[in-house]
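Order of the sequence lines fixes the chain letters, A, B, ..., with proteins taken first and strands second; residue numbering starts at 1 for each chain.
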Amino acid sequence: MSEVGKRESFTVPIGPQHPALKEPEHFLISVDGEIVTDATVRLGYAHRGIEKAVESRTWVQSLYMLERICGICSHIHAMAYCLGVEQLAGVEVPPRAQAIRVLVAELERIHSHLLWFGVAAHEAGFDTLFMYTWRDREKVMDLLEGFSGNRVNYSVNVLGGVKFDIDDTQEIAIREAISFLEERTHHYLDVVTQDAMFLQRTRGIGVMTRSQAEVLGTVGPTARASNVYREIRVEAPYAAYDKYPVKIILDSRGDLEARFVVRLTELFESYRVILEILETLPDGDLTTRIPRRIKAGETVSRVEAPRGELFYFIKSNGSDTPERIRARTPTICNMMSVVKLLVGHQLADVPMILAGVDPCFSCNDRMVVLNRGRKMEQLFTWEALRQYGIDYYQRHSA
Amino acid sequence: MESTTISDILLSLIALLIFPGGLFLLFVGLAYEWIDRKLLARMQNRVGPRWFQPWADIIKLLAKEEVVPDAVDARLFIGLPIIALAGVLTAAIYIPFPGLPPVGSFPGDLIVTIFLLSLLTICLGLAGANTLDRFSLMGATRALTQLFAYEAPFLLALLGPAFVAGSWEINEIIGYTDGHWLIITQPFGFIVAVIGLIGKLEIPPLDAPEAETEIVAGALTEYSGRGLALFRLGKGVALVLGLALIAAFYLGGVATPLLFLAKTLALLLVIVGIHALFTRLRIDQTVGLWWRYGTLLVLVQWLGIIIWQGVMI
Amino acid sequence: MKTEEALSIARQLVEEWEFKTKTERPEPNRLDVALTTVDDLIPIVVGLRVIRLGYLAAITGLDLGPDEGDLEILYHFCTAAAVITLRIRIPRQDASVPSLTEIIPSAEAFERELSEMFGVEVVGLRNKMRLYLPEDLPEDVFPMRKDISDQEISQSVTLQEI
Amino acid sequence: MKLGTMLGDIVLSLFSRPSTELYPFERSETPQRLRGLLIWHPEECIGCGLCAKDCPAGALDLIVLDKEAKKYQLRYNLDRCTFCAQCVYSCRQGCLEMSNEKWELAALDRSAFEIVFGHCLDNG
């Protein structure tokens, strides 16, 4: 395609409402024919100002606020927050509660990875794989619902421990589901590494070298698929991860296939850890008392969310409302790196590369670039667009 | 020419509008679309849509308001879906799709039928190019590139049986294929015909022109209401006609309506199986692969026929 | 590089080159380096990058309250379990910090958020596009500052005519 | 490199029962711990109001009718409740629990969402 002369290149707005993206984010992809020449991202569509709202709520209420930052990994946000506040308050959480927290975190990692795997297969146009992965994911959702009473925001965490306990019926259900999922994951790993048509869409696509990954600041499985040794559960074990160590999964190829393989192999780690916890679950009570006013001070709490390192900075001024909570989600780092990665690829690969990073958004924003009359590009904000729509219909229906 | 009496006109009108022609064909088209979606659902371990879902969709779409975008040639925007459906419906006259001999036929109607079938895709491409919306522009370019890549091999694959039957009139070809199962003698031709049909109708895995996750609905992004309904109907009817054509040519002709129905359904099962089994390929992959292997396969098939014909005579 | 080793190297780097700083260890795995002047920031960050110590995990903005009158910006560098935090206090009026994007490209997102939430002018940041906040929020409204309440923020948004 | 690795799954599920169900005609039974509609047992309540104080969504408020006779009234805004069960956890007398049968709580008008437990109106 070495056409000389000015090719008609235009900006393809992917998002904020787009079938490829389950949550609103807005990519401005400039295309020359089918090749991407430039890409920028605009976030903020689901920004609810949680960091501001938390400053006017008590420590107990802000737990549920922070839990709703992300719909898929609500438990890890609550856990990071609780670990930080307990560190500030100098409270020792009973070992049984820590073990249950790790168990639910691993269950959440399984359901998050299976969800991502299905959506990525759907992006590639392999709907059958999407349907099967989401069917198997239901097993984990049923476990979480049986254990905590809610499929998504399970709210297992509470400041100072956990609310729910594991009895034998839960244990039997977990063991049975894990064995079924283990067998299915072997099958999916085989599909991802063997299926000729699927490999056409993943092998050698969206390659990110190790140095690129480090410079662009990617975190989590996406970075580990490019051989970056960065895993909080291994390097800085929190909660009960020191008693139930996890092995880091690395891959050197750095392409989309590697990202699939890393996440699926991580599932095996999660199964192993869960079964280990079930064997040696320490007994003891579930919670300890924690004062309503937390001592003044600052702390940093880092945990490994399914998508990468989740960083919490918590500052307290001694009152019963937090002074400042900064939650830096892993997706913001991955998003910045993927945008730079898109240049040079085909438009058809863009959804796959975006999905490859597993964007879990409850981040953000609204901008439509309408190419009116092929010359001038005009910027609409959400209200302006709504207003424009209303006027249009009045003019035409009158 | 014997005098065309009123009854002839009436008969052909009924044939055109009611029985093997218009309404019945639309009905069968939607029925096949339902079977397609139900089979796919069952293959994906889902319950799948209820029997009246396609009809409900079409009625809903017809009831919906037709929005004609501003920067678009309104006459073309409204006219294209009508031409597409009309083209496909006229192709039905020459195809024995309900197991009965075709209504009309003239020497060389095979070429006309195949052109009419591809008229649908051409209208789709023009409809996409007609608007300003990026997604439909992308969809239009992809639809037309895929059309060129899949049109020639599909035509050659269908000419195989015609060549063996010694005529280009569907009616006579069916007469010849009645006894012979050409799938055995011309296997490559059959494969190319089936994959060509999948490519022409943009059924996944070759649905790059309307890849939902990249360009929303491809060329149809701007369409809503009546236009979309007509295009959907056209697709359904084209599916039925394509299946009937291949079944009639390669699976031992039109024995009895019931047996023919079984053959087309078996072919549909194969196509849905392929749909469920594979990932969507990028447009450059589908076109690139097909130009090399598809055309090669059908030429090898032709070579086989010529040599076989030469030896026989 | 293990946690303790990382922390001691960082402390050594800061003290050896007599940056005007005050270091302290609030928690076993944390080292806080309080910078007195803003222009020490770039040299320290370059120093950390040269010895490849840790990656920029986040930039946190703190508003110490209208009476205190200062903003505090925290740069968190993490490696293994160690968290090295560089702290700078800057006045509220025309607060400005140098941009790190030349050295660490991934800082762009954090700096864009810092500038739109706290009104800190990041000198040298190329892409000043807003990251989270919508267009129709006025330029001079910085939501994360303490002196503005939730109600005032929502009232400040006015429907622009197109 | 294999072609059609999902063939086994497809053929198998063609001949087996689909795993999706036709809700609302078929319903799978709900787990024991499902967090549905809130239920209040007024007998043990001592009127401390911790549940209302701790509720992150502000869905509860406790009205003291008269202190000595231990008569209280709990106003429950169903549409604000996020079913997090913090109130059940905060209540030391254990007089709050969440039912696992009542979870289809949609209604046509908002008045159905203001539930007033307590003496003058027994809850739905």
(Q) Report which part of T20(D) has an atom under 4.5 Å of a heavy atom belonging to chain A: side chain, backbone, both, or neither. (A) neither
Q: Take atom CG of D167(A) as the centre, draw a 6.0 Å sphere, and report whether it contains more than 12 heavy atoms from other residues, nucleotides or ligands.
A: yes
Q: Starting at SG of C55(D), measure out to CD of Q61(A) and round the result to the nearest 0.5 Å.
A: 7.5 Å
Q: Enter the distance from F126(A):CZ to T5(D):OG1 here, rounded to the nearest 0.5 Å.
A: 5.0 Å
Q | Sorted by number, residues from residues 76-84 of chain A in contact with chain D (heavy atoms, under 4.5 Å) | A | none
Q | Interface residues of residues 150-164 of chain A facing chain D - non-hydrogen atoms under 4.5 Å apart | A | N150(A), N153(A), Y154(A), S155(A), V158(A), K163(A), F164(A)
Q: Flag the one option from M65(A), R57(A), H187(A), R135(A) with the top tally of heavy-atom pairs under 4.5 Å to chain D.
A: H187(A)
Q) Heavy-atom distance under 4.5 Å between the side chains of Q170(A) and R33(D), does that happen here? A) yes
Q.
Less than 4.5 Å to any heavy atom of chain A: does that hold for the side chain of Q32(D), its backbone, both, or neither?
A. neither
Q | Engaged part of L129(A) at the chain D interface, taking heavy atoms whose separation is under 4.5 Å | A | both
Q.
As an exercise, state the distance from CZ of F198(A) to CG of L3(D), rounded to the nearest 0.5 Å.
A. 14.0 Å
Q: To the nearest 0.5 angstrom, please state how far the CE atom of M197(A) sits from the CE atom of M1(D).
A: 11.5 Å
Q: Heavy-atom distances under 4.5 Å only: say whether P31(D) touches chain A with side chain, backbone, both or neither.
A: side chain
Q) Can you pull the salt bridge (Lys or Arg N to Asp or Glu O under 4.0 Å) pairs that have at least one residue in residues 177-196 of chain A, sequence neighbours excluded? A) D136(A)-R184(A), R184(A)-D9(D), D190(A)-K2(D)
Q: List for me each residue that meets side chain to side chain contact (heavy atoms under 4.5 Å, CB included) alongside E97(D), sequence neighbours excluded, and say none if there are none.
A: I39(D), H41(D)
(Q) Counting heavy-atom pairs closer than 4.5 Å to chain D, which one of S62(A), G149(A), S148(A) comes out on top? (A) G149(A)
**Q.** Carboxylate-amine/guanidinium proximity below 4.0 Å for K53(D) and D320(A)
**A.** no
Q. For the atom pair OH (Y132(A)) and OG (S19(D)), what is the distance rounded to the nearest 0.5 Å?
A. 8.5 Å
